[in-house]
Amino acid sequence: MSATTAHAGAAPAAKDGRFEPVILAFTCNWCSYRAADLAGTARMKYPPNVRLVRLMCSGRVDPAFVMRAFADADAVILTGCWPADCHYRIQNVKALRRFILLRRVLESMGIEPQRFQRFYASAAEGQQLAAEFDRIVEEVRALGPLDWAGRHAAFVPSATPPGAGVGEARAAAEARAAAPPPAERELAEVTA
Amino acid sequence: MSASNLPAQPDGARERIGVYVCHCGSNIAATVDVEAVRDWSAEHLGDRGVVVARDYKFMCASTGQELIEQDIKELGLTRVVVAACSPHMHEKTFRGACRRAGLNPYLCELVSIREQDSWVHTDRTAATAKAEAIVAGGVYRVAHSEALEPFRVPIDPATLVVGGGIAGISAALEIADAGFPVHLVEREPSIGGHMAQFDKTFPTLDCAACILTPRMVTAGMHQNITLHTWSEVTDVAGYVGNFTVTIKHRARYVDTALCTGCGICQEKCPSKVVDTRYEAGLGYRKGVYTPFPQAVPKYPVIDVENCIYFEKGTCGACKKLCPTGAIDFDQKDEEVTVKVGNIIIATGFELFDARRVEQYGYGRMPNVFTSLEFERMSNAAGPTAGRIVLRDGVTEPKAVGIVHCVGSRDRNYNNYCSAICCMQSLKFAHLVREHTDATVYEFYIDIRAPGKAFDEFYQRVMEEGSVFVRGRVAAISDTVRLPDEEAHQGRLIVSVEDTLAGVQRRIPVDMVILSSGLEPATDAQEVARRFGITCSADGWVIERHPKLDPVATMTEGVFAAGCALGPRDIPASVANGAAAAARVLARIQEGELALEPIRATVDQERCSGCRICNDLCPYSAIVYHGWEQVSEVNPALCQGCGVCIAACPAGAISGSGFSDVQILSQIDGLLTALGGAPPGPAVEEREAVPA
Amino acid sequence: MSAKPRLAMYWAAACGGCDIAVLNLGEALVEVGSRFDVVFWPAVMDAKYADVEAMPDASIDITLFCGGIRNDENEHLAHLLRAKSKILVAFGSCASEGCIPGLANLSTLDEILDASYANETTDNPDGVRPVPAWRENGVTLRIPTLAPLLRTLDQVVPVDYTVPGCPPETKRIEDVVELVGKALDGTAVLPPRGSVLGAGHSTVCDECARERNVKKIGAFRRVTEIATIDPTLCLLEQGIPCNGPATRDGCGALCPAAAAPCIGCYGPADGVLDYGARLMSAFASVVDADEPERIEVILDGIADPVGQFYRFSLASSLLRGGREAMDQAHRGRASAPVGSPAANHPAPRLGRTPPSAPMLDVLGPQDHVPQRAPTGPEPPAPTLEPVGGPAR
Amino acid sequence: MPGSGQADPPSVREGDFLREVIAATAGDSRLGCCIQCGTCGGSCPSAADMDHTPRMLFAMIRAGLRGEVLRSTTPWMCVSCYFCAVRCPQEVHIPDVMYAVKAIATREGVMPDSTAPDFSRTFVSNIHRYGRSYEVGLAAKHYIRHYPLRLPGMAPMGIAMVTKGRMGFAPHRIRGVAGLRAILARAEELERDGATREVPA
């Protein structure tokens, strides 16, 4: 077989060692998904880092979907119709209310606000959609990986000096995981 | 037997899913390695139930669809994922193929690797990886799809048409002629709309009244049409096929059962009022009046604000002189309720208020006229009997300036082009030339004449000698400024850059006609809310699809026609009315309507009646049963947005078509197709089939 | 082997309130003592881990496990008791969703240790920190090692049933004891594995007597900021952030009855993937404002959003529960048999073990690999085979 | 290419000059949105004294006629009355564009009238001194320095304006000149640091 990658969840092929974020975007069926359709039909270009989930309305987005996405994605985007143009009249406002509260909670949980963004895109705004995707991909690229699993490794205390990076803390965590249980460890090893 | 009911597989664990990857010629294949996606799906999505993965040049071709049908029958597929174009393009196509093969169409998932992938990306490796993720999302999702049946509602054969202009009349006549009842509601005392005010129509110069009034009369006398003039819709309840509409009949103070329309009351009424509506402020009417002689219905109304009887309790001349005793000062507003299956909104436009462009001086300088004023002036039945004169009522102008784009194409007012003003202005130039010897200047930015015989009419007006100045008028002034302008004291000076010459010009004229743009009715947003439809920020009704569904609204059973949708001319309004009628008739003929089964339902056991969801539905589909303390969703009203599903704190509301588990699974597929679980065990019959 | 069914209770990362709630049974406790042979219950009797380790696998009939898993001792006991028990019950909020100890998941271990050993309230000039093992006079002293996150019991080992509450209401514990007793008598069947015992299937609002109307919230306020609380009106409608709408019923709505907002100790209702997500979605949906600025102002009234929405459930939440919570969400979903009643719920039994019933005789850790229940109308009810012959 | 002041072959240069002017204009000029309707030219009180109407200047900018634009009298005749900006249907910030063109022309020393920058400097120094414009002083100084022989010819108009109260003989000084000077000094400082674009509007 000629599969290019064995891991569809992997980030788009990194070029020049550049970090390629994985971003999930929730789109509504009537405006922002159609804007994405239009971006396609008009052959506008945006980075392949963004993957779309089509829902009937941005008001369908359950905060749990966003949280689930953050387990593997570096950022999440919420898009929908402009305030007065909602196909369901006013339901995008409910999405807005939830977005604001969810973003507060995510920030308290340690997720930077740039990783959870929203914008409006009418069915005619393919270009704006592409431009926003461009912008957000660059912002997230600048932030670096979210790496939710890795961040939990940073919760391990240890010999890791304060200020050590996530990567080092993670390595320490891995070493700990690989070590035998404490009962069998040599004293020197644990007191070192 | 539908394939979804096939016996479970021996291990009882797995759906049998087919994956079909489309090349779309080179539209997809040029950027996405289609074969790689096919192989990847077969190899890595086996544990998710994929038993066959194929690629094909054009999946939407009949041969492509047959491929799917054949696999459903021969391989016993229980789910299908097609990776091709946007679901908005071909979802129905592939669902149809599944239905033909006996598989419930809602067990088919179309995922887009064209609009959302190959067309927007250039890096082949990245686009292929993304396509794989998209396919994985579809496969994960479809495994949790449920067989659904369209929701069917019966259609009441009666139709409500709101607005009695040419669009509404056209729609009403089409439906009534087909033999079905229509309720036509008009706010004014007579139907006819703006067209009744016009003299000629461009570009053919037909007499507007001559072509309109026969239609008004037909509508008025039609056995299937119930006219509700001087009336407004106050409430709309129910849903497609089954609306209950409340119409308020404002008191006319004239008993229509007795009135013969003889006109004596109007003749004898001593109260004379400037008619700002029909005569656009150029003429008068009486306190009791019909807006114009050909009004349908013929019954007058009493304008209580300008009636001496209502003001002072005296007079009563009409009542005394009416030969049939039809005047009834004690009449009250009445409300009637009608049941209809469909609604057509044809509420039309209002003219942009030219006072807002202060530098044009309308309302300040008497000889600046609006387009509607000029329509009345040029009308032989109008206040000047068709004479083109200045505000003094006698002087013929020697020069007339016609200003285009007043309030249109302007970010200070309305961004859009009002579509009819260019042709209307050309018509004015023609009429001025026909009635007077005046020099006519057309001040324009661009001449937009794209309709049938439009440009020819433009040629004709040029040949008639009108002067075209390309430049948007900067200001209109009634004072001379430069010494050489002294001779023009008392006239109007039009300041404009002649953009073709590149010089500023100050052109003296006697009369200016402002070709004002069109705006939605001032209460358009309120009307939209009442009927549950959506308006753009401008206030025009939003079409279900601007190209492919131009007279349907986003709300099932509510259609729109004419200028309610945006500025358009008479033929377009008539065509809209007929198109909306055709859509309605098709539904009436069918007797019932199949709705997408994307609906929310409340699990009554788990609902605690907290009422969080109650106010979230803009369609009032959620009802609360106080006695049982539970909420319930009326599936006929539910439009499937899913807001209540996401809001229910108890997780008691679920949604078909877009359930939590479907969406979460799709997210899993998109993000972690292979991130967590290793590829499943090989399945013997799983195969990747080259095209 | 004793003729009576064998019962164990254990107390991991928890406050001990659950043990007290059980002791609160009062006279009913005597019934427990007569029905069960209590083989291990550190709070009330002397027992050594070695005694438990010496027991044959699956020799304890039912274990009530309190507390979350914060260190390697907790984890060891979780695995040990899982192996030794036929039915393992996550008892109380800590074991089932992390509870207050789980809020520490917002902090790194260094921050937690700093708070204990190195802040301004601590007199610790030498900066002494605990070490997991220390040799002194030829003897190795060991204390448990803290884990990076607090995990719920079911994030560590498969759990058969959950009894929610902080602590579970005594009356509800009585119900559970009665049900298990009846099951042992053969006069009742236990619900499918993964079920919640001792609670309802709806939310606190179901039991709350307050009058409820259509919700629109113009301002959130703390109870202390309100001069008089309407005694009959829904607290949320009075602007008090009451978690009742999202919290499983079973407590009898005691807090709202006393004009105190529900704080959510009974955890999420059936089928809810993330308690806090549900609740914040509900609250935000009924905020009575459409402009971002105005929405922000109203939401400012919720002083501590994470504390409001995740006071009890942080460790079981998708984000601060870490990867385990996410993976469990996957497993839970993957195991929901399409076509079974469970699949009709949008989020079937997420975050819990799969909904097939425990078969006492074959119950063991190896059986807890996610698996699909046979398609059928209902997941099979467990057959509780009385140990030591039929009663009477 | 800055400094050349020459008309470049349009096929190469046209987009560049439009971009250059847009970049040199403070804020969002919306210059690219001009629909050539001529509202600005029709509204302009100075249009008769300009060699090109503003609209035509914008067309020339688009056409890449860099040299001709920089040498045009149009921006120098602009009196910043803002009629054009208020009426423009496309909300093009016309006076701001005029300032930008003047700034480029001044920087490169390309301008229709070598006295124009000096006029501006005198104007600005009056502002520094009095906090507002001082017409008599400005006109007198300008004519004495550059056109002393024409000064007598201007006298009747000057006298007429003074007697009709359109112009004050003595300068009016605003209150708080010191504060204004501090603001101007800060603005100059920001400009030197190249930070003007970041100052919120």
Side-chain angles (χ1 to χ4, degrees), chain A residues 1-13 15 20 22 24 29-30 33-34 36-49 51-57 59-65 68-69 71-73 82-91 94-95 98 123-124 130, chain B residues 33 35-36 39-40 43-44 86-89 112 114-117 119-123 125-130 132-137 529 532 534-537 542 546 554 598 616 618 639-643 645-647 655 657-658 660 663-664 666-675 688:
Chain A
M1 81 164 226
S2 60
T4 48
T5 167
H7 188 302
K15 277 186 189 155
E20 292 292 352
V22 172
L24 199 74
N29 185 54
W30 308 97
Y33 193 82
R34 284 178 199 268
D37 276 353
L38 177 63
T41 340
R43 312 297 202 274
M44 296 158 186
K45 301 296 172 206
Y46 58 82
N49 309 58
R51 297 167 192 185
L52 306 187
V53 177
R54 178 175 67 107
L55 302 172
M56 293 310 278
C57 177
R60 176 67 183 92
V61 175
D62 182 328
F65 301 165
R68 160 64 193 90
D72 295 293
W82 283 88
D85 294 350
C86 180
H87 175 86
Y88 301 102
R89 298 165 70 182
I90 44 174
Q91 301 301 64
K94 275 86 174 188
R98 289 186 200 134
Chain B
D33 185 342
E35 287 86 359
D39 292 343
W40 184 90
E43 188 160 336
H44 294 280
S86 164
H88 292 137
M89 183 69 78
S112 170
R114 192 179 74 171
E115 285 84 347
Q116 277 71 13
D117 190 0
W119 275 352
V120 285
H121 306 318
T122 45
D123 181 322
T125 311
T128 304
K130 180 171 169 180
E132 289 163 1
I134 291 172
V135 170
R529 198 170 37 76
T534 41
C535 281
S536 65
I542 295 180
M554 299 290 195
I598 298 172
L616 298 180
Q639 302 284 311
C641 68
V643 162
I645 304 170
F658 286 84
D660 280 0
I663 297 164
L664 286 162
Q666 186 180 9
I667 297 172
D668 287 351
L670 282 168
L671 295 177
T672 58
L674 291 171

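These numbers were taken from a predicted model, which means no experiment stands behind them. Atom set for the values below is all heavy atoms of this structure, side chains included, hydrogens, waters and symmetry mates excluded.
Heavy atoms only, all atoms of each residue included: B/Leu671 and A/Arg51 are closest at CA-NH1, 4.4 Å. In plain terms, the two heavy atoms of B/Leu664 and A/Phe65 that are nearest each other are CD2-CD2, 3.8 Å. The minimum heavy-atom distance between A/Arg89 and B/Pro618, with the atom names listed, is NH1-O, 2.9 Å. Of all heavy-atom pairs spanning B/Asp660 and A/Arg60, the tightest one is OD1-NH2, 2.6 Å. Closest approach of B/Ser86 to A/Tyr33, counting heavy atoms only: OG-CE2, 3.7 Å.
For the atom pair CD1 of B/Ile645 and SG of A/Cys57, the computed distance is 10.5 Å after rounding to the nearest 0.5 Å. The structure places NZ of A/Lys45 at 10.0 Å from CH2 of B/Trp119, a figure rounded to the nearest 0.5 Å. Summarising the geometry, atom NE2 belonging to B/His88 is positioned 12.5 Å from atom CG belonging to A/Leu38; distances are rounded to the nearest 0.5 Å. To the nearest 0.5 Å, atom CG of residue A/Asp72 and atom CD1 of residue B/Ile667 are 10.5 Å apart. To the nearest 0.5 Å, atom CD of residue B/Glu115 and atom CG of residue A/Leu52 are 11.0 Å apart.
Both the backbone and the side chain of B/Gln639 come within less than 4.5 Å of a heavy atom of chain A. Of the two parts of B/Ile663, only the side chain, counted from C-beta on, holds a non-hydrogen atom closer than 4.5 Å to a non-hydrogen atom of chain A. Of the two parts of A/Lys94, only the side chain, counted from C-beta on, holds a non-hydrogen atom closer than 4.5 Å to a non-hydrogen atom of chain B. Only the backbone of A/Pro47 comes within less than 4.5 Å of a heavy atom in chain B; its side chain stays farther off. Heavy-atom distances place the side chain of B/Ile598, and not its backbone, under 4.5 Å from chain A.
A side-chain donor-acceptor contact under 3.5 Å links B/His121 to the backbone of A/Tyr46. For the pair A/Arg54 (side chain) and B/Pro87 (backbone), a donor-acceptor distance under 3.5 Å is absent.
By the side-chain hydrogen bond (donor to acceptor under 3.5 Å, both in side chains) test, A/Arg98 is found to be paired with C/Ser281, C/Ser285, residues two or more places apart in sequence or in another chain being considered.
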**Q.** Criterion salt bridge (charged side-chain N to carboxylate O under 4.0 Å, His left out) on B/Arg114 and A/Asp37, from CA distance to verdict
**A.** CA-CA 9 Å; B/Arg114 192 179 74 171; A/Asp37 276 353; over 6 Å; no
